[in-house]
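By convention here, the first residue in the shown sequence is residue 1.
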Amino acid sequence: MGLSEQWASNIWLSGPLMGFFVAPIVGSLADKCHLKLGRRRPYMIGGLALLGVVSTLLACSKYFGDAGLGVAMAMFILMDGTINVIQTPLRALIADFAPPEQQATGQLMAATFQGLGGLIGYFIQKFLWTDPLEILPLFMVVLAINIVFVGITCFFVTEEHFPQAEGEKTTIAEPFVHLFKSIRGLSGKLAIVGSCVFFCWWALFSWWPTSSTWYMTIVMNGCCEDPSVIGYNGVCTDESYADCLEGQAINADVNILANVAQLVISLIIALLMNRGILVRVRFVWSALLVFGAALLIGSKFITGAWYAYLVGIGMAVPISGINSFPFAIVGTYNVSQEESSCETADGDKKKKETLE
């Protein structure tokens, strides 16, 4: 639709920005939700409805004439927001229901299905997306799949209803106030986890938007302007353009293999932790992050297509950890704190009864 290469990379910033603003706000609102449907399910259903509207407008943006590019960019950014509206309460369900010893396993299984979803998405795209501007059939199929699985979750997971306390009031600014109070009141452990997650996603969003360009122009030394275009006066040759296309092919292959790797790695770690072989989540997560950092640092000094494949596929290792372990650690801390609070309250009650 005419978007420049620079803006095509810059628009990826919408992901972390939307995650930074939307996820905490949705989490805060869900925590204080008093609907009979529960705390998480109303936001999953609402996010799914928004996703349907936004994806339809994005798919049909070419019909908006001169405003089409602006509509497409706006809907692309909003789509990141709607995905966060669905994903935040969905991941919170695991933290709500799983006991401490199953938090990591549950989040790793979520990361496993995330890799499976990436694979399915690739093959759906390959068979349904033949024209770059005809994406409506693709989006409708993806939306239908989301409706099915979110619907199954909402139907089979029953949440406890938390009635609104007498005198409790909720204002428009309340979620933001609650959010910043929660950040200020974070315990040392949770603050460390939050800081680690921040830098993890910073690193990932330095890699994802630039990885395709890295394969095409650095690994393969390609030039990505088509010299066969009539009137072209640039510096690209047929050979350098062919190298660019080969880099694109490597990037596509790596994305498929990375999704397979994420699926397998997450599943293996989940099984090992479920059997008690891996027990220290923090150390496992640290090892995965160190492995990913070593791969990216190595790309500065090691060249060749073989290492490009290794980096692209190997990044599934830290991504599997980033998508699962922080949720598991936070969920475990929260459940442990709740149990400790309950034990303290029970102990105080028994002491009071004894004194009486």
Test ring-ring contact (aromatic ring centres under 6.0 Å, His included) applied to Phe199 - qualifying residues, sequence neighbours left out: Trp202
Under a single-linkage definition using a 4.5 Å side-chain heavy-atom cutoff for Ile, Leu, Val, Met, Phe, Trp and Tyr, are [X] and [Y] assigned to the same hydrophobic cluster?
X	Y	answer
Trp208	Val311	yes
Phe139	Val53	yes
Phe283	Val197	no
Ile269	Phe113	yes
Leu35	Val26	no

If you round to the nearest 0.5 Å, how far is [atom2] of [Y] from [atom1] of [X]?
X	Y	atom1	atom2	answer
Ile218	Ser211	CD1	OG	12.5 Å
Leu289	Ile319	CG	CD1	11.0 Å
Asn259	Leu116	CG	CG	9.0 Å
Trp214	Leu296	CH2	CG	8.5 Å
Phe64	Ser61	CZ	OG	7.5 Å
Leu50	Met79	CG	CE	11.5 Å

For the Cys pair Cys244 and Cys223, is the SG-SG distance shorter than 2.5 Å? no
Could you walk me through whether Glu159 and Phe97 pass the side-chain contact (heavy atoms from CB on, under 4.5 Å) check? CA-CA 9 Å; Glu159 297 185 80; Phe97 285 94; 4.3 Å; yes
Distance-only, no hydrogens or angles: does the [X] side chain make a donor-acceptor pair with backbone N or O of [Y] under 3.5 Å?
X	Y	answer
Arg41	Val157	yes
Ser320	Ala316	yes
Thr88	Val85	no
Asn251	Gly247	no
Tyr43	Gln87	no

How about OH on Tyr309, more than 12 heavy atoms from neighbouring residues, nucleotides or ligands closer than 6.0 Å, or not? yes
Can you tell me if Phe149 has over 12 outside heavy atoms packed within less than 6.0 Å of its CZ? no
Mind checking whether [X] and [Y] have side chains closer than 4.5 Å, heavy atoms only?
X	Y	value
Gln262	Val317	no
Ile322	Leu204	yes
Trp285	Cys196	yes
Met315	Trp207	yes
Thr237	Pro227	no
Cys236	Cys224	no

Nearest heavy-atom pair of [X] and [Y]: which atoms, and what distance?
X	Y	result
Met44	Thr153	CE-CG2, 3.7 Å
Leu263	Leu119	CD1-CD1, 4.4 Å
Tyr307	Ala294	OH-O, 3.9 Å
Ala305	Val219	CA-CG1, 4.1 Å
Ile313	Val254	N-CG1, 4.0 Å
Val54	Met75	CG1-O, 3.2 Å

Tracing side-chain contacts under 4.5 Å among Ile, Leu, Val, Met, Phe, Trp and Tyr outward from Val290 reaches none
Please walk me through it: do Ser212 and Gln248 pass side-chain contact (heavy atoms from CB on, under 4.5 Å)? CA-CA 7 Å; Ser212 59; Gln248 282 184 335; over 6 Å; no
Between the side chains of Arg40 and Asp31, is the shortest nitrogen-to-carboxylate-oxygen separation below 4.0 Å, so that they form an ion pair? yes
For Thr210 and Thr213, which I'm curious about, is there any donor-acceptor pair between the side chains at under 3.5 Å? no
With Asn146, which of Ile83, Leu51, Val141 fulfils side-chain contact (heavy atoms from CB on, under 4.5 Å)? Leu51
Carefully, step by step, assess Asp80 and Val22 under the rule side-chain contact (heavy atoms from CB on, under 4.5 Å). CA-CA 9 Å; Asp80 275 316; Val22 175; over 6 Å; no
Under the criterion side-chain contact (heavy atoms from CB on, under 4.5 Å), I'd like the reasoning laid out for Arg282 against Val193: C-alpha separation, chi angles, the key distance, then a yes or no. CA-CA 10 Å; Arg282 293 173 296 167; Val193 173; over 6 Å; no
